[in-house]
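To keep things clear, I will list the structure first and then write my remarks on it.
Numbers restart at 1 for each chain; the letters A, B, ... are given by sequence-line order, proteins then strands. Everything quoted here is computed from the prediction, not taken from an experiment.
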2 protein chains.
Amino acid sequence: MLAIGTLSRRTGTKVQTIRYYEEIGLMNEAGRTAGGQRRYFEKDLDRLAFIRHSRQLGFSLDSIRELLDLSDNPSQSCAEADSIARRQLHQVEQRIKRLQALKKELKRMVAECDGDSVAECKVLEVLRDHAECLTEHDEIGA
Amino acid sequence: MLAIGTLSRRTGTKVQTIRYYEEIGLMNEAGRTAGGQRRYFEKDLDRLAFIRHSRQLGFSLDSIRELLDLSDNPSQSCAEADSIARRQLHQVEQRIKRLQALKKELKRMVAECDGDSVAECKVLEVLRDHAECLTEHDEIGA
DNA sequence: GATACAAGCTACAGCAGATAGAGGTTCAAG
DNA sequence: CTTGAACCTCTATCTGCTGTAGCTTGTATC
């Protein structure tokens with residue numbers, strides 16, 4: 001029987017985060033001691049590790065929920081899991097693209113700045129006037 | 001005198017977002033009509049455009065606040081603005097790096113999946129066992 | 001001047017994905 | 001039996017908005 005702190009240490013997840021995962025139904029409700037403290041089995045540790053690892057790969061909690069469902073039902077086709085992963089890959093690729101456009105723009109901005117007074121600061125000038133941008137960057141966030 | 005909807009249309013910012021920027025002090029408090037509606041000058045439009053453009057380049061609202069302060073005081077040295085931009089560039093580069101590691105891992109995961117049953121699904125297997133990862137990807141979010 | 005209706009207003013809730021703190025209780029070692 | 005680390009719940013906070021409810025204002029047209 002493992003205490004929550006043990007799971008925390010062994011997966012690098014904050015204790016509050018584990019409780020949060022329980023709250024939103026990603027982790028099963030843990031058993032309790034007579035005094036009300038959570039106690040876990042190895043399988044809970046595995047599940048948490050799965051969640052954490054998926055998060056590290058950028059999957060959303062919703063996607064992870066789907067992946068866990070699939071993982072719990074080993075008889076189904078793998079196609080679903082595959083498509084979730086492909087979707088994630090696509091998203092990551094899109095984000096990289098976008099960030100590379102930003103990087104280019106920022107680099108240009110920084111390179112053109114000669115360190116003089118703010119009045120003629122290239123950085124601020126570019127920010128003031130979108131027309132000075134060479135690349136498109138219309139989405140925020142993404 | 002411009003209504004909030006005009007600013008919204010001309011900068012591609014949602015009306016609520018403009019009010020939000022006012023609330024958090026990024027935009028100055030707008031003048032009001034007798035009936036209580038906000039009215040703006042061209043300079044407010046410029047300021048909003050600056051904010052939006054900076055957001056598109058990925059700057060945080062806090063950074064934008066600093067940049068606006070600098071922009072409002074044209075006598076200072078440009079160094080500060082420059083360093084904010086460099087910091088932003090660095091962050092973008094870090095995020096790209098991280099995403100490229102994720103991309104590699106996801107690609108491998110997806111490529112190895114042969115579409116059979118979940119029981120031997122490579123995608124789920126990799127997620128289950130971090131040891132199967134080739135690349136490091138320790139940070140979440142970033 | 002009356003009417004219609006788009007556009008404005010405030011206030012509050014909610015999203016992801018946690019994280020932090022207050023204030024109190026339990027467990028396990030010595 | 002005592003100590004103190006680790007646990008508990010509950011609530012608030014973060015970023016950067018976005019959406020809704022329910023009401024008021026502004027303006028164009030008749």
Below 4.0 Å: OP1/OP2 of [N] and any side-chain N or O of [X]:
{"X": "B/R32", "N": "C/dT10", "value": "yes"}
{"X": "B/R38", "N": "C/dC9", "value": "yes"}
{"X": "A/T17", "N": "C/dT19", "value": "yes"}
{"X": "B/R19", "N": "D/dT18", "value": "no"}
{"X": "B/Y21", "N": "D/dC17", "value": "yes"}
{"X": "A/R52", "N": "C/dA18", "value": "yes"}

Does A/Q37 use its side chain to pair, donor to acceptor, with the backbone of A/A3 at less than 3.5 Å?
-> no

Do B/T13 side-chain atoms and B/S8 backbone N/O form a donor-acceptor pair below 3.5 Å?
-> no

Could you state the atom-to-atom distance from [atom1] of [X] to [atom2] of [N] in whole Å?
{"X": "B/R55", "N": "D/dC17", "atom1": "CZ", "atom2": "C1'", "result": "9 Å"}
{"X": "B/E22", "N": "C/dT10", "atom1": "CD", "atom2": "P", "result": "8 Å"}
{"X": "B/M1", "N": "C/dG8", "atom1": "CE", "atom2": "C1'", "result": "15 Å"}
{"X": "B/Y20", "N": "C/dG14", "atom1": "OH", "atom2": "P", "result": "18 Å"}
{"X": "B/R65", "N": "D/dG16", "atom1": "CZ", "atom2": "C1'", "result": "12 Å"}
{"X": "B/L2", "N": "D/dT27", "atom1": "CG", "atom2": "P", "result": "12 Å"}

Pair B/R108 + B/E112: basic N to acidic O under 4.0 Å | yes

Test B/R52 against B/Y21 for side chain to side chain donor-acceptor pair (under 3.5 Å), laying out the working first.
-> CA-CA 11 Å; B/R52 279 279 103 181; B/Y21 288 159; 2.5 Å; yes

Where each residue is assigned the nucleotide of DNA chain D containing its nearest heavy atom, which of A/E23 and A/Q37 is assigned the position nearer the 5′ end?
-> A/Q37

Relative to the 5' end of DNA chain D, which residue comes earlier, B/L61 or B/T33, by the nucleotide with the nearest heavy atom?
-> B/L61

More 5' along DNA chain C: A/K14 or A/R39, using each one's nearest nucleotide?
-> A/K14

So what does A/I4 hit on the nucleic acid, given a heavy-atom distance under 4.0 Å: a base, only sugar-phosphate, or nothing?
-> sugar-phosphate

Minimum side-chain heavy-atom gap A/I96-A/V92 below 4.5 Å | yes

